[in-house]
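Everything on this sheet refers to the single structure shown next.
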There are 2 protein chains.
Amino acid sequence: MTQLKPMRADARRNYERLLKAAAEAFAEHGEGASLDDIAKRAGVGSGTLYRHFPTRQALLEAAYLDRIEAMAARAGELADRLPPGAALEAWLHEVCVGTVQVRGMKALLGSAVADGGTAALNACGTPMRAAAARLVEAAQKEGTLRADVEPSDVLRLAHGVAGAAELADPEGGQLTRYLSLLTEGLRPRP
Amino acid sequence: MTQLKPMRADARRNYERLLKAAAEAFAEHGEGASLDDIAKRAGVGSGTLYRHFPTRQALLEAAYLDRIEAMAARAGELADRLPPGAALEAWLHEVCVGTVQVRGMKALLGSAVADGGTAALNACGTPMRAAAARLVEAAQKEGTLRADVEPSDVLRLAHGVAGAAELADPEGGQLTRYLSLLTEGLRPRP
DNA sequence: TGCGGGAACGGAGACCTTCTCCGTGCTGGG
DNA sequence: CCCAGCACGGAGAAGGTCTCCGTTCCCGCA
């Protein structure tokens with residue numbers, strides 16, 4: 001996301017302001033927050049917002065990129081502290097909690113794991129997939145995870161399960177239980 | 001949904017037209033289809049649409065109610081033809097296929113299984129829950145389904161898994177595989 | 001330090017959608 | 001056949017997205 005030519009001072013300032021305003025607005029109103037309102041909060045014109053972020057998706061990604069990267073980094077920490085299977089489980093739990101708690105992040109993570117195809121090089125999908133790959137491979141080597149699933153599968157299923165848990169209880173009270181059913185299903189056949 | 005006083009002839013005609021137009025529009029553009037466009041297709045004013053269906057949700061429910069009821073009825077057929085565990089699996093598969101194929105039905109089914117609480121008496125949730133309950137109880141009695149899950153849990157998880165499969169492949173190519181991982185997780189611990 | 005080219009700004013405005021309000025017209029029971 | 005009143009329909013307010021273009025303000029160079 002860094003610019004080839006460094007940004008002009010005012011441009012950089014507006015960019016930062018927009019990011020901050022966007023994170024607030026998305027947290028408050030969910031992914032559907034009004035873009036013009038975000039521009040107003042940031043004290044810039046809507047033209048400026050659309051120049052920096054051509055689509056809602058682009059803004060969402062930029063606004064939450066730091067959180068996403070923090071999540072990806074957590075995978076490394078957990079991998080160091082816990083045996084592979086447990087690390088994967090714990091990480092998925094944290095990811096799902098984030099998905100449910102931070103309004104607006106659900107849509108972002110969803111699109112990040114969409115379209116298993118070739119392209120899909122969005123800024124959020126890449127670190128998440130990389131983090132998942134590390135945990136998934138370790139768990140498969142350890143033998144606590146089916147060999148026929150891919151990191152993307154695991155992320156997608158976790159995302160789906162988080163959505164299911166949210167349907168059951170918007171506070172996420174069912175998340176642990178639902179997630180344990182998923183990990184049960186992901187264990188190798190005995 | 002039937003009226004207490006029978007509807008006036010013109011009212012009934014408009015109601016039917018709206019239903020037909022809505023089913024078309026939702027299938028074509030997904031759940032976000034323009035309501036005013038639906039009114040135009042039906043050849044009525046938007047006021048008429050909003051009088052019959054105060055919310056998008058209400059229209060969605062009414063437009064797809066027959067399909068939902070057909071799905072619920074399928075549960076009975078499958079229960080007669082197959083052993084309980086297989087019947088549940090087959091039914092969930094059909095439900096998920098419908099969810100993925102018919103644009104606009106996903107949101108409807110999602111809301112139908114939301115909020116496991118007391119109320120949630122929407123027209124679609126009730127038959128779906130009832131159908132699920134029958135299959136779930138039979139499978140639990142047979143011993144092919146964990147005893148600690150409820151019909152609503154199963155529906156929600158299936159809905160989540162269908163969403164995950166759609167992320168992987170909008171055509172639904174991964175549905176069978178993802179669903180089998182779920183049913184694996186729903187089997188009783190050996 | 002001062003200037004000028006051009007990047008970046010910002011808000012007016014075109015267009016779309018939702019939803020309401022109320023004058024109009026049609027239906028159907030008496 | 002008639003008229004009370006239900007249902008119609010479209011104009012219009014409110015609010016959103018996104019673009020265009022005249023204006024402002026940086027910053028490199030003299």
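Per chain, numbering begins at 1; letters A, B, ... match sequence-line order.
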Any N14(B) side-chain nitrogen or oxygen under 4.0 Å from OP1 or OP2 of dA7(D) =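 No, outside the criterion.
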Would you tell me if any nitrogen or oxygen in the side chain of H52(A) comes within less than 4.0 Å of OP1 or OP2 on dA8(C)?
->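 For H52(A), the contact criterion (side-chain N or O under 4.0 Å from OP1 or OP2 of dA8(C)) is not met.
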Is the shortest side-chain N to carboxylate O distance from [X] to [Y] below 4.0 Å?
X	Y	value
R134(B)	D80(B)	yes
D36(B)	K40(B)	no
R187(A)	E184(A)	yes
E16(A)	K20(A)	no
E28(B)	R103(B)	no

Whole-Å distance between [N] [atom2] and [X] [atom1]?
X	N	atom1	atom2	result
R12(A)	dA7(C)	CZ	P	19 Å
L49(A)	dG11(C)	CG	C1'	13 Å
Y15(A)	dC26(D)	OH	P	20 Å
E31(B)	dT17(C)	CD	P	16 Å

For the atom pair OG (S180(B)) and CG (L175(B)), what is the distance rounded to the nearest 0.5 Å?
->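 So the OG of S180(B) and the CG of L175(B) are separated by 10.0 Å.
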Distance, nearest 0.5 Å, that separates CD of E31(A) from OH of Y64(A) |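 Atom-to-atom, E31(A):CD and Y64(A):OH are 10.5 Å apart.
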Going by heavy atoms in the side chains, are D153(A) and L181(B) under 4.5 Å from each other?
->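 D153(A) does not reach L181(B) side chain to side chain.
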Any C96(B) side-chain heavy atom under 4.5 Å of V161(B) side chain |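 Result no, sub-4.5 Å side-chain heavy-atom pair not found.
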CD (E150(A)) with more than 12 external heavy atoms under 6.0 Å =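 Atom CD in E150(A) is not packed in, count stays at 12 or less.
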Is it the case that more than 12 heavy atoms not belonging to R74(A) sit under 6.0 Å from its CZ atom?
->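 Counting other residues, nucleotides and ligands, CZ of R74(A) exceeds 12 neighbours.
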Could you run through nucleotides 16-21 of chain D and give me one letter per nucleotide, 5' to 3': B if any protein heavy atom sits under 4.0 Å from the base, S if only the sugar-phosphate is that close, - if neither?
-> SBBB--
Sugar-phosphate atoms are those with a prime plus P, OP1 and OP2; base atoms are the rest. Using that split, label each nucleotide of nucleotides 24-30 of chain C B, S or - for protein heavy atoms under 4.0 Å, 5' to 3'.
-> -B-SS--
End-to-end axis angle, where each axis spans five pairs of the helix from dT1(C)-dA30(D) to dG30(C)-dC1(D), to 10° |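 It comes to 0° between the two terminal axes.
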